[in-house]
> 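The following block contains the structure, expressed as structure tokens.
Every number for a ligand or one of its atoms is a count from 1 in the order of the listing. For the numbers below, each heavy atom of this structure counts, side chains included, while hydrogens, waters and symmetry mates do not.
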Amino acid sequence: MLERKSIVSIEDVSTEEMFEIFRVTDEMQGSIDKKKRLTSMSGRIMSTLFYEPSTRTRMSFEAAMHRLGGSVISMAEPKASSAAKGETLADSIRMFSSYSDIIVIRHPLDGAARLAAKFSSVPVINGGDGSGQHPTQTLLDLYTIYHSFSSIDGLKIAILGDLKYGRTVHSLVMALSRFDVEISLVSPPILRIPDYIKSRVQDNVKLREETDLNEVLSNCDVLYVTRIQKERFSDMNEYNSVIGTYSIDVSDVDKMKKNAMILHPLPRVDEIKPTVDYDPRSAYFKQAANGVPVRMALISLILGD
Ligand code: NCD
């Protein structure tokens, strides 16, 4: 199903393909747990092209490829590459697609991954494009939820923070709209979700917008917290006016359901206090760890024979 496909938006992954990824993720986690040596990607090369900072996305893609027995070539510092000499993204992608079997790209501009997919002769995976999409983060977010609740349908999901610039939120809301869920979007008024996402999903899913976290804390099953995306603000006064608006601490978590789950794509700045880490409802480190088996599954399904 996913063979040779580029994944630029979460809309490039059907619901059926998503559950296929989750099934293979379970197998991949099993082989990690058993320290089984996998060789299915032996002889295959992945390029990771990161024009923006990354820790988890790049490292977990690379770990995933290594665990599958494949190799990785990486550009993590665009200043040290021909991008600094003025090479266009299209030309760089033409080259990298001749050097490797699959490309993972992160770029500060919305639409860069779509452009890369157009010029690449091999599948391109979007590791985050500006304020656009981050589809593989959504796959691991939904895998983490599905793994814990055994279903996505029926859940009440609150998404908190920077809903305007947060690409993880944009992909997540689009994916959740395929399920029977209630979504509460909690943000400062200036960081509400963009209208183009709202109009895409609002016919399919119950969506409400709030500014007060207390409106949703006691009845949500999942609280998905996000960082205010400082690097996307053109006006630092605007950033300073919203930073610190929400900061989850133990007293907030005490108001939540006993089996609720707190997620965050990470990195966090101050939106979740470190004391929350000790509460069993905090699942963001497990969520980040799931990035490796989910990406192993995705690579295998795209490049598999
Ligand atoms: C996110 C991103 O890059 O969009 N990080 C990630 O990939 N886990 C979220 C963020 O930077 O706040």
> Test your reading of the model: is there a side-chain donor-acceptor pair from Ser97 to the backbone of Ser121, 3.5 Å cut-off?
yes
> Could you label the plane-to-plane angle of the Phe19 and Phe179 rings as parallel, tilted or perpendicular, counting under 30° as parallel and over 60° as perpendicular?
perpendicular
> Residues around ligand 1, heavy atom under 4.0 Å from any ligand atom, sorted by chain and number. Can you pull those?
Thr57, Arg106, His134, Gln137, Arg167, Thr168, Arg227, Gln229, Pro265, Leu266, Pro267
> Is Glu16 salt-bridged to Arg178, going by a charged N under 4.0 Å from an acidic O?
no
> Does a side-chain N-to-carboxylate-O contact under 4.0 Å join Lys5 and Glu17?
yes
> Evaluate salt bridge (charged side-chain N to carboxylate O under 4.0 Å, His left out) for Arg268 paired with Asp277, printing each intermediate quantity in order.
CA-CA 12 Å; Arg268 69 171 148 184; Asp277 302 354; 2.7 Å; yes
> Can you measure from CZ (Arg44) to OG (Ser71) and round to the nearest 0.5 angstrom?
11.5 Å
